[in-house]
Every structure is written in structure tokens, then in C-alpha cells.
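Chain letters run A, B, ... following the sequence lines, proteins first and then strands; every chain starts at 1.
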Protein chains: 2
Amino acid sequence: MVTISDIAAALGVTPSTVSRALSGSPRVKEETRLAVEKMAAEMGYERNIVASNLRKGRSDIVGIIVPRIHRNFFSNVIGGAESILEAAGYCVLICQTHERFEAEVKALRTLRNNQVAGVLMSHAIGSDNGKHILDVLGDRIPLVQFDRVFSELPGAKVVSNNFEGAYAATKHLVEQGYRRIGTLAGYMNSEAYAARLEGYRQALRDSGLPVDESLVHYDTIVRETGYEAGLKAIEAGCDALYSAGDFSALGAIEAARERGLRIPEDFGIVGTANEAFTALMTPSMSSLALNPFEMGRQAAQAFLAGEEGTVVVPMELKVRESSCRNKLQNLSI
Amino acid sequence: MVTISDIAAALGVTPSTVSRALSGSPRVKEETRLAVEKMAAEMGYERNIVASNLRKGRSDIVGIIVPRIHRNFFSNVIGGAESILEAAGYCVLICQTHERFEAEVKALRTLRNNQVAGVLMSHAIGSDNGKHILDVLGDRIPLVQFDRVFSELPGAKVVSNNFEGAYAATKHLVEQGYRRIGTLAGYMNSEAYAARLEGYRQALRDSGLPVDESLVHYDTIVRETGYEAGLKAIEAGCDALYSAGDFSALGAIEAARERGLRIPEDFGIVGTANEAFTALMTPSMSSLALNPFEMGRQAAQAFLAGEEGTVVVPMELKVRESSCRNKLQNLSI
DNA sequence: CGGAATAATACAAACGTTTGTACAACGATC
DNA sequence: GATCGTTGTACAAACGTTTGTATTATTCCG
């Protein structure tokens, strides 16, 4: 591998001059810079990033920590972040936590020891607060949180407007004439799910409908639990459900079919996340779309800008057949 | 940050002794090693990986290059690879090519300049051969290719049994009574697609059916091109399609519906990749499942083992409604 | 033309680790 | 007690870059 010293020797200058020339310092003469660049190209020089990082005390690597990389949502966030970071000259180091606290701490350590320029993360379900994050990263490494956020931590945050989204989804069901609307609510230690539940409640209140807590089904995010909760909801006389997840909504649809209910005539449903299958099934499923790619972009941009605020990425209600007794429509919140 | 020199000073030994103690060299006395380890723990020492990498000339980072990270297949491969590499003490640096040759070269350069311990990659459609890969990586950085493979390159390879898979898928269509079976074949500069096409052809031959080259539709991997090719296939009198991709298969289904054909009664289809939506749509779509997580695991293991061979990860034909005029069945190849 | 100001380059010390070689201490052997 | 091998440490030179300071070359002005 050719080094700046080789170039320096070939040109009869010192390595420092070569270094400055290549990084565009105003302290080298235009003529010298051109000569250096030419020689560097000729000799096939490429900067040793590791040495550069060691000297500078930081790298051009941005760490991203997610619970599971192969979940659709997170891989899209990563894709969005990467699209911005790559253009800005960074590369991306990925760590998974598998929802475990210990793995999260380990990932944070790994990233810090690699002297990453920053960390974008969505914390594990297993983490109750962000103390460990602060402990490991200190105040030297900028942090951007997305989706799952500890609001007490410093640094930028990127979230969805879960309250407004769930509000719009529920309101939509009301407008379609459903009157006894339940919800599959997810886990309450996640602020996102909690906000969706509140949005659902508020929409009912604002519509003059009673908020019946027996129609709220907690901890339902997979198909099986959605199915069971769906059966209960039907027995309780529900005619519609807003589900905080798509897979649980799918389970509820199964339950409704099994009970001989037609969708959307007898039973309406809106899911959340806009998973690929929702648009492709029959009848197609209405869903409150997250925008993970955009969240990734925003997180990356927040890191680049070094700003501290909270960015809210709007959700979009995709109205499809499963909730439309009236006409089809598409709402942006 | 505390360094080995700090520890050395605190104990009255030299940094080299500390370094050797921490890396378990037999050249330090057991007693000294314990003292060093204790002091390191007390002072909260963590090895500066960047400095270590510079000195050693390589890092504990493994680069993974994929066309697009948020494609289900690739994010699962990454997940599989990461599960193995993480356990072995490596971390994973991700690069996307967006199917572009130039981006692939840039990614390779980035990884080499970061002195990665190895590269796992699936090349871009835009790359016709692997010369650039060899040029950039040289023979110092081990390479493992997966899925899309240049067989002329050295290093380990992990592939699916595309020929056998496509053969089984096509044979299945024959067994279901379809007689004029076309194919959506993908890009022929990818050996995987080429092998699938051969499997399709061989299955027809072995079934005593004519191989009509006008029923082979090249370069169709997305929904739109699948739709167009689907229309052509229907006009040409096809009653079934084996598609080398799920999205193109979806497009073909649209085309069939538009032409008033019932699925599977009038028109059968089998896709490839077993995307999540295939099982959830109505009618559910048969698909030739890849095993991306396992491929990632195998690729990582091949890197760790430093072996050169080719690993074949079997595909599995998921038989669902879209191809079943007779009975439902599930085939393992 | 002298001297100050400025421009351009050279010098050298870092960054924190690893590792080959040298060295000291010690016990064993003859 | 001199010689030798062994064991444990110290010494010092890397790895390739960046960057503060010193030095030399150039320009400009009175």
C-alpha cells in the first residue's frame, strides 16, 4: 500500500505537505496541491482511514443500533439513514440487540471503542431507561434516537405522530358508521403504543362515543393474540377495531371471518404499519402507515446537523377495503 | 480515556507488558496478568480498537455489500451473518450498491480502506464480472460471495440450489395439469437467475413438454415488468408461469385478473423468494423459498473457517393456492 | 535595499497499540 | 563459580496520519 510518505518522497516534499494538500488545506500552494494530487493518482494512493481515524480521534463511521435488522421497519430505517449518510461520506455500522439489555450495552461499547462519529438507535424492549446509553457514550458521541425514544436523554429524536395517527384511524372508522369500536393496543412500556391508545380514546370522545375500557386489548401485536382478542371483541359486540399492529389486525380478521362476519360490511378494521401484505390481501386492509425510510433519513440528517430537537414524521392512513362501508378515500394526517 | 500506558504507570510496568497481559500472551507471569487485569477493570480501561487495528493492519469489522438493505432477502442474510459474526467478536459494516457498478466499487474501496477483516457480498446487477472486486480487495482481504456469485473469483461461495428449485417448481406446475408454462426469468448476468431458467427448461424437457423460447421473458423482476410480461404470456396462450421473483409474479397475477382469468383454475403461478406477502394474499401465492438467514450464517461461517468451497443452501417449494388445481402439498427439495 | 509581513514548507510530536529484540534475573548444570 | 538456558520485562520501533510550531522563501512597502 502506498502512503503519503511515498508520495512525499517521490515529490521531494514532506508527508505533512502531502497530507495538507490532499485534505485541501489553504496552507499549500495551488501548484503543489496539483502535483500531489497527480502523483497520488498515479501511484494509486488511498488514504488509510484507520490511521486517519486514530490521529483524529474519531471515524467516519456512524453506528446504528436496532432490535432486529430483518424486521421490515428497521431495515427500512437503516436504508433511509444510509442513503443520507453515504452521501455525506459516512459509512454505517450495524448492531442488533435482539431486544436484550445486555446486547444493547455491548453494542454501545463496541461502537464507542470504534470511535464512531455518532450513534442512531432505537432501544430494546429490555431497556427501561437510557442511563446505560449515557454512561457508555458520554457527551462526546452524539446520539439520535428514533421510534423508541427515552425522552429524558439529550440529543435529537425522531418519532411518528402516533397520537394523531391513531386518532385519524379511529375517526375514520367512526365516519364509516361503525359505532362500537375496540382496539388492539400493544405494549404499554412503549411510548409509541401508549400514544396510539390515547389517540384512539380521544377520537372516540371527540365523536361523542363512550370509551369502554373493556374493549381495549393489551399486549396484542402478533397474529395469534390478535385472533384471540378479535374473538373477545366480537363477543363483546364490537363492529370495528383499530389495531396498533398489522399482524394482530390480520388475526382479528380471521376471527371475524370465522364468526361469519363480512368485512367491511359487518366488521371494519384498520391496522398499523402498512406491511406489504395489507395492500395485497383480499379484501385489502386499511392501515396506518409508518414511514420508516423517512425516519431514517431524518435521523441521519439530525445527526449531520447536530441539532437537538424532536422531529415528528407523519403517519399516513391508507384507507382500503377493510374499513370502507362508504367510499374509498386516502387521508394524509 | 484510559490507555495501557496509564495502567502501566499505575503498576510500575511498561505498556508492552500490559498489552501482552491483556491479550493473554504466555510471556507474562500469571501474577502480573492478574494485577494488570484488576487494574484495568478498576480504571475502566477499554482497548482503543482503532489504534489496535492500525498496528495490526486489520480490524474486527466484516464488510457486507448488498444491492439494497431493505429488501427482505438481503436484510435476512445480513441478520444471519451478523448472528454468527457477533458471537465471534466481529462487527458488521453494511454497504449498499443500489445495483450500480460504481457504488459497488466505492463500497469495496471504503471497506478496504477501513481494513476490514473480510467482505461478504452479493454483487450488483450492474456488475458484469468480478474483476473490480479482485482489483480492490487484492489477495489480502478474504471474500465470500453469496446468492449472486462470480464463479471465476476465488473465495467461498454460498448459493441456493436454483436449478433444482426451479426444476421442482416447474415440475409441480406440470403435475397440477398446466401444459403451456412460461417463465419470468430475471437477468441473465446473474448465475442464480440463469440456473433457475435452466431448471425450468429441464423440467419441461423431462416432462415431455416443448421448450418454447418465446415463453421466456427476460429482465423481469419487478411488479411492472412482471405485469407486462404476464400480459404477453397470456396472449401467447400460457396457462401458467414460473417466475424467478415474487414481485414479478404479483404483476403477472394482476395481468391474469385483468384478463378475466381465475387463479389457479385458469392460470397457475409460482413465484420465488417467499416474500411475506405471498402467504397472506388471496389467493395465497406459491413460492420457491430461499433461505436467506441460513445463507448469511453459512457465509459468515465460511469466512471464519477460511475455506474456499461452495456451500449450497437448499430452497423449499411452498405450495399454496395460486398453483393448486389439485390438492395442497408441501415439497422439500 | 532593509525589514516586516506573509506565504509555503519542513520538522517533529503526537494518536494508542503491538511486537521484535534486548536485557536482567534466576535457577540449574557441570 | 562460570556457563547456559529459561522466564519475565523493558526498550523502542513501528502502523500512517494529522497538526502545532519552527523555519525558510517570497512579497511588499517605505
Colleague: Please name all residues satisfying salt bridge (Lys or Arg N to Asp or Glu O under 4.0 Å) with A:R109, sequence neighbours left out, ordered by chain then number.
Modeller: B:E46
Colleague: For B:K131, is the NZ atom crowded, meaning more than 12 foreign heavy atoms sit under 6.0 Å from it?
Modeller: no
Colleague: With sugar-phosphate meaning primed atoms plus P, OP1 and OP2, does A:S25 contact a base, only sugar-phosphate, or nothing at under 4.0 Å between heavy atoms?
Modeller: nothing
Colleague: Does B:R71 pair with B:E99 as a salt bridge, N-O distance under 4.0 Å?
Modeller: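 So B:R71 pairs with B:E99 through a salt bridge.
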Colleague: Do other residues, nucleotides or ligands put more than 12 heavy atoms under 6.0 Å from A:E152 CD?
Modeller: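 Yes - once you tally the heavy atoms of other residues, nucleotides and ligands closer than 6.0 Å, there are more than 12.
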Colleague: Whole Å only: how far is the NZ atom of A:K29 from the P atom of C:dA10?
Modeller: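 Atom-to-atom, A:K29 to C:dA10, this comes out as 10 Å.
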Colleague: Between D:dT9 atom C1' and B:E31 atom CD, what is the distance in whole Å?
Modeller: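 Going from B:E31 (CD) to D:dT9 (C1'), I get 13 Å.
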Colleague: Please report the distance, rounded to the nearest Å, between CG in B:L11 and C1' in D:dT9.
Modeller: 13 Å
Colleague: For the CE atom on B:M1, are there more than 12 heavy atoms of other groups (residues, nucleotides or ligands in this structure) within a distance under 6.0 Å?
Modeller: no
Colleague: Any ring-ring contact (aromatic ring centres under 6.0 Å, His included) pairs touching residues 33-70 of chain B, not counting sequence neighbours?
Modeller: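 Listed once each, the pairs are A:F293-B:H70.
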Colleague: What's A:V13 touching, base or sugar-phosphate or nothing? Going by heavy atoms closer than 4.0 Å.
Modeller: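 Sugar-phosphate contact only.
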Colleague: Any chance you could list the contact pattern along nucleotides 14-19 of chain C? Use B for base contacts, S for sugar-phosphate-only contacts and - for none, protein heavy atoms under 4.0 Å, 5' to 3'.
Modeller: BBBBBB
